[in-house]
Amino acid sequence: NQGVAVGMPVLSPRGVVGRILEVGANSSRVLLLLDSESVLPVRRARDEVVAFAEGRGDSLLRIRLINLGINPLKVGDMLVTSGAGGYYQPGKAVAIVSERTADGGLARVVSDPAATDYVAVMPIFEPQAVRVSETPVERAVDDEDGE
């Protein structure tokens with residue numbers, strides 16, 4: 001009833017909480033960042049080191065670097081949304097690295113859902129990018145052929 005749609009980002013005053021998974025007439029379900037099914041493209045706040053933040057189902061996120069090799073992450077590094085994928089606006093706080101691993105690190109979320117009094121449901125940052133990513137390849141090829 002309020003215009004909430006699947007995929008919309010959910011933010012607290014401190015940062016990203018998750019995104020809308022299902023909607024009903026009067027309520028919605030949110031996929032939390034900490035959920036084991038959650039994956040979010042992120043970057044280090046001070047530069048362009050990119051990674052994926054994956055929920056582990058506990059109080060931490062697993063940070064997996066896109067470029068493997070020497071791990072540039074340091075304990076205390078702030079990770080923010082990268083804007084890749086089109087759902088989240090770039091630069092929203094996500095997590096702080098608490099431990100380094102061989103391929104990235106472990107991080108604590110900035111916006112702990114258990115300590116959040118209220119959230120805002122935001123519009124999808126780039127709806128066109130999201131729609132294009134959800135289009136089946138077969139349909140795109142058929143459309144180009146005029147069939």
Side-chain angles (χ1 to χ4, degrees), residues 1-140:
N1 293 334
Q2 301 294 318
V4 174
V6 172
M8 288 181 150
V10 178
L11 305 172
S12 80
R14 296 189 68 187
V16 176
V17 173
R19 66 184 169 104
I20 300 295
L21 185 63
E22 295 177 354
V23 295
N26 297 309
S27 64
S28 302
R29 284 187 45 195
V30 175
L31 177 65
L32 299 175
L33 284 180
L34 297 171
D35 190 281
S36 60
E37 296 296 316
S38 176
V39 178
L40 175 66
V42 295
R43 68 173 176 80
R44 190 163 52 179
R46 64 183 164 96
D47 57 18
E48 296 299 319
V49 172
V50 291
F52 287 108
E54 301 174 346
R56 295 182 359 145
D58 59 8
S59 64
L60 297 173
L61 296 174
R62 180 174 180 188
I63 307 303
R64 299 189 85 177
L65 295 168
I66 300 219
N67 295 324
L68 297 177
I70 297 173
N71 183 349
L73 295 180
K74 294 181 174 78
V75 172
D77 281 347
M78 171 67 83
L79 301 169
V80 298
T81 53
S82 67
Y87 286 98
Y88 298 90
Q89 181 178 9
K92 299 297 181 186
V94 175
I96 297 173
V97 176
S98 59
E99 181 182 329
R100 283 179 46 144
T101 62
D103 64 345
L106 298 177
R108 297 205 176 278
V109 292
V110 172
S111 183
D112 182 3
T116 300
D117 292 329
Y118 65 93
V119 295
V121 178
M122 306 301 292
I124 293 174
F125 178 60
E126 291 184 13
Q128 181 62 27
V130 173
R131 277 194 296 278
V132 169
S133 70
E134 293 174 347
T135 303
V137 173
E138 295 79 16
R139 187 166 53 188

Inset, instruction - Would you mind checking if Arg44 and Asp47 are paired as a salt bridge, meaning a charged N to carboxylate O distance below 4.0 Å? - result: yes

Inset, instruction - Output yes when Asp103 and Arg62 qualify as a salt bridge under the 4.0 Å nitrogen-oxygen rule, no when they do not. - result: yes

Legend entry - Rounded distance (nearest 0.5 Å) linking atom CD of Gln2 with atom OG of Ser27: 12.0 Å

Inset, instruction - Mind checking side-chain contact (heavy atoms from CB on, under 4.5 Å) for Val110 and listing every partner two or more places apart, or none if nothing turns up? - result: Arg14, Met78, Ala93, Ile96

Legend entry - Beyond-backbone contact of Tyr118 with Ser12, side-chain heavy atoms, under 4.5 angstrom: no

Inset, instruction - Identify the heavy atoms of Val80 and Ala45 that sit nearest to each other, and give their distance. - result: CG1-CB, 4.0 Å

Inset, instruction - Using the side-chain contact (heavy atoms from CB on, under 4.5 Å) rule, pick out the option among Val30, Leu21, Val16, Leu31 that qualifies with Val10. - result: Val30

Inset, instruction - Return yes if some donor-acceptor pair links the side-chain N/O of Asp35 with the main-chain N/O of Gly55 below 3.5 Å, else return no. - result: no

Legend entry - Heavy-atom closest contact (Leu61 atom, Ala95 atom, distance): CD1-CB, 3.9 Å

Legend entry - Distance, nearest 0.5 Å, that separates OG of Ser36 from CZ of Arg56: 11.0 Å

Legend entry - Exercise: identify the closest heavy-atom pair between Leu79 and Ile63: CD1-CD1, 3.4 Å

Inset, instruction - Find out whether Pro72 and Leu65 are in side-chain contact, i.e. whether some heavy atom of one side chain is under 4.5 Å from a heavy atom of the other. - result: yes

Inset, instruction - Please step through side-chain contact (heavy atoms from CB on, under 4.5 Å) for the pair Arg46 and Asp77, ending with a clear verdict. - result: CA-CA 8 Å; Arg46 64 183 164 96; Asp77 281 347; 3.6 Å; yes

Inset, instruction - Please check if the side chain of Arg100 supplies one atom and the backbone of Asn71 the other of a donor-acceptor pair under 3.5 Å. - result: yes

Legend entry - Taking every non-hydrogen atom, the tightest pair across Pro90 and Ser82: CB-O, 3.8 Å

Inset, instruction - For residues Leu11 and Val119, determine if any side-chain heavy atom of one lies less than 4.5 Å from a side-chain heavy atom of the other. - result: no

Inset, instruction - Provide the closest heavy-atom pair for Val23 versus Val6 in the form atom of the first, atom of the second, distance. - result: CG1-N, 4.1 Å

Legend entry - side-chain contact (heavy atoms from CB on, under 4.5 Å) partners of Ser98, counting only residues at least two apart: Leu60, Leu106, Arg108

Legend entry - Minimum-distance pair of heavy atoms, taken over all atoms of Ile124 and Gly86: CG2-O, 3.3 Å

